[in-house]
Every structure is written in structure tokens, then in C-alpha cells.
Amino acid sequence: MTTAGARPPKRPGSQGPGSRPPCEAVLLDLDGTLVLSEEVHRLAWQAFFDTWGVEVTDADYEQQYMGRRPSDVIAGVPGPWTGADARAVLSTMTAFTLEHAGSVEVVPGAAALIRRLRVKYPVSVITSAGALWAQHLLDKVLGVRHLVDVVITAEDTTSGKPSPEGYLRACTALRARPAHCLAFEDSLSGVSALVAAGVRDIVGVTTTTAAADLTLAGARWTVPDLTAASVRSISGALRAHSPAAGRNDEETEA
């Protein structure tokens, strides 16, 4: 786990009867949510499949591989790789993805959304990828690493998505309650992890998964990208309805 060393997250004030709890933190997936890197990961997995002489359909890939840590897949998905050295496989796949990092594109609006949210809310990025890949994307591709309070990578958890461990670790580090967080995810395993963590305000980004599937998994909203126009519908989840704070909706709207 790495931190930006910026301002400490704030705990909310007291709430009035019937008021909506304020957003305490924003939780963000990385690949597929902030950057369009799935093609790079798909190619890395395909190289892995070719090595073992295995054919995997797109449907199976989406259900069992996409958005998950390679170490979890190797340990949990039966195949000729069962019992293989997960560290060696992970090292090879990380090298491949870094080699092709130049082809990664930013999801429209991603960097601007982080800059806008970070003015009011602590921000964490939780990814199934390794630390080197996450650092490269946040620093070199998105240019927002200094704005992210906490980064949870594959090295920081014993179980990857759909386990809620990564998201729960982020909430603990930010001193935020999962039910009072807003989250963005693009994969079924990621949305399932958020639901298991107790996060209710989930935005499904339809860059890699159909809106209907994300909704069925537990997403409250779905958006095609992270531009201001797309995320305007979720602004209500970012308002702190706290009479004690003495602010109205216009003053607290993101």
C-alpha cells in the first residue's frame, strides 16, 4: 500500500434526521476504469494461454480472468498451469504489459474527475495489477499520482477481486465507512468486490462490460466514460446533506 502523503481524510460531522450520509471517500479501480488498458492485459493473458496450449472464449475470459490478479487465477482456475510458480508467471506478464504500456489510453474525463473529486474527498485507487504497473499509469499516463491518497495493488492483498479485501483495506486507510463511499468499477469481479465490501454507491463504467451486466452485479449507475456530462447523474451521491455543516446542495455538489 502506498500513500500520497497529502491531506488527511476528514470524518463527517453529525447528520440530521433523514439526511443522506455524506460521501466520505472515493474508491477507484484502475484498468478499464481510468485507463483503456484491457487490450494490453488481454494480449498478456493470450500469451499465457498460448504457452499452455489452452483456448479461452471471450465469455470465459470476462467471467474468470478479467480484472483479477494473475496469482489468484493460477491458484483458483483449474488448468494445465495448476501448481505452476505464480511469481514467475506474474513477472513475465508484468514485463509484457510494461513493454506495451505506450498503447494505453486514458478513459475520457478520468484525470479531470480525479482532480475535481480530490478537492473535497480523499481518493484511493484499488487495482488487481502490480505496483510497477499502477505507478506507471498513475504517474506517467494519468499524471495524478500526487492526488491519490492511497494505492492498493496486488502486492497489498492476500486475495484479489472479487474478494473485498482490497477495498476494505482502502477504506481502513482512509478512515472511511464502505457504505459511505462512492466507487467506480468496470469489471464484474470489481463490482462484486465492492458489493461484498458493503459499498452501495457503485458506478459501473461500460468500457469493458455491458451496462446490464454491471447493473445485475450491483452497480447503481452505469456511464460510458468519466466526462463531466456522463457522471452528472451521480452528483447526488457526492452531496453532504449535513445541517450541522451549514451548506446547501449547490455548495457541496461536485
Side-chain angles (χ1 to χ4, degrees), residues 2-10 22-41 67 101-129 133-153 166-167 170-171 173-174 176 180-187 190-191 194 199 201-209 211 214 219-240 247-254:
T2 55
T3 59
R7 57 155 203 201
K10 298 179 180 179
C23 176
E24 294 180 3
V26 177
L27 311 174
L28 299 158
D29 173 50
L30 181 56
D31 291 286
T33 298
L34 300 180
V35 295
L36 299 171
S37 56
E38 181 52 40
E39 182 60 26
V40 173
H41 292 293
S103 64
V104 173
E105 298 180 4
V106 175
V107 170
L113 177 66
I114 291 175
R115 288 193 292 267
R116 190 163 69 249
L117 291 173
R118 186 53 178 72
V119 173
K120 298 178 180 179
Y121 314 104
V123 171
S124 178
V125 168
I126 302 90
T127 176
S128 297
W133 178 252
Q135 178 68 25
H136 175 82
L137 294 183
L138 292 172
D139 187 20
K140 304 300 183 183
V141 178
L142 287 158
V144 297
R145 177 61 189 90
H146 62 294
L147 297 176
V148 180
D149 297 278
V150 173
V151 179
I152 303 292
T153 65
Y167 282 113
C171 289
L174 295 175
H180 294 232
C181 291
L182 175 70
F184 293 77
E185 262 284 1
D186 73 293
S187 70
V191 172
L194 286 165
V199 178
D201 286 339
I202 303 170
V203 182
V205 186
T206 61
T207 52
T208 62
T209 308
L214 291 170
R220 182 174 179 182
W221 304 272
T222 58
V223 295
D225 54 45
L226 299 176
T227 59
S230 293
V231 301
R232 187 172 294 122
S233 63
I234 69 168
S235 61
L238 294 170
R239 297 172 187 160
R247 297 187 295 177
N248 58 32
D249 287 352
E250 286 74 21
E251 290 172 329
T252 56
E253 186 170 356

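- Nearest heavy atoms, Pro122 versus Glu24: CG-O, 3.2 Å.
- With hydrogens and angles disregarded, a donor-acceptor distance shorter than 3.5 Å links the side chain of Ser124 to the backbone of Val150.
- At least one donor-acceptor pair closer than 3.5 Å links the side chain of Thr33 to the backbone N or O of Asp186.
- Between the side chain of Thr222 and the backbone N or O of Gly204, no donor-acceptor pair lies under 3.5 Å.
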Exercise answer: donor-acceptor pairs, residues 133-143 side-chain atoms, under 3.5 Å, sequence neighbours excluded:
unit_1, atom_1, unit_2, atom_2, d
Trp133, NE1, Asp31, OD1, 2.9
Trp133, NE1, Asp31, OD2, 3.3
Trp133, NE1, His41, NE2, 3.4

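- Atom CZ of Arg115 and atom CG of Leu147 lie 8.0 Å apart (nearest 0.5 Å).
- Remark: Ile202 CD1 to Asp29 CG distance equals 12.0 Å, nearest 0.5 Å.
- Residue His146 holds its NE2 atom at 9.0 Å from CZ of Arg118, rounded to the nearest 0.5 Å.
- When all heavy atoms of Ala170 and Leu27 are compared, the closest pair comes out as CB-CD2, 4.3 Å.
- In plain terms, the two heavy atoms of Ala183 and Val199 that are nearest each other are CB-CG1, 4.0 Å.
- Within the 3.5 Å criterion, the main-chain N or O of Leu214 finds no donor-acceptor partner in the side chain of Thr209.
- Test Leu34, Ile234, Asp201 against Phe184 for side chain to side chain contact (heavy atoms under 4.5 Å, CB included) and you get one pass: Ile234.
- Taking each heavy atom of Ala176 and Ala25 in turn, the nearest pair found is CB-CB, 3.7 Å.
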Practice prompt. Mind running side chain to side chain contact (heavy atoms under 4.5 Å, CB included) on Cys171 and Cys181 for me, showing each step along the way?
Written response: CA-CA 8 Å; Cys171 289; Cys181 291; 4.0 Å; yes
Practice prompt. Show your reasoning for whether side chain to side chain contact (heavy atoms under 4.5 Å, CB included) applies to Leu194 and Glu185.
Written response: CA-CA 9 Å; Leu194 286 165; Glu185 262 284 1; 3.5 Å; yes
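- The shortest side-chain heavy-atom distance between Val231 and Val203 does not fall under the 4.5 Å cut-off.
- Checked by atom type and distance alone, the side chain of Ser37 never pairs as donor or acceptor with a backbone atom of Val40 at under 3.5 Å.
- Across Val191 and Ala219, no two heavy atoms sit closer than the pair CG1-N, 3.8 Å.
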Item to complete: Mind running side chain to side chain contact (heavy atoms under 4.5 Å, CB included) on Asp225 and Val205 for me, showing each step along the way?
Response: CA-CA 6 Å; Asp225 54 45; Val205 186; 5.8 Å; no
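- Residues Ile114 and Val144 share a closest heavy-atom pair of CD1-CG2, 3.8 Å.
- Listed for the Arg145 side chain is a donor-acceptor partner under 3.5 Å among the backbone atoms of Val148.
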Item to complete: Output, in order, the C-alpha distance, side-chain angles, deciding distance and verdict of side chain to side chain contact (heavy atoms under 4.5 Å, CB included) for Tyr121 and Arg116.
Response: CA-CA 9 Å; Tyr121 314 104; Arg116 190 163 69 249; over 6 Å; no
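- Among the candidates Ile152, Leu28, Leu30, the single residue satisfying the side chain to side chain contact (heavy atoms under 4.5 Å, CB included) test with Ile126 is Ile152.
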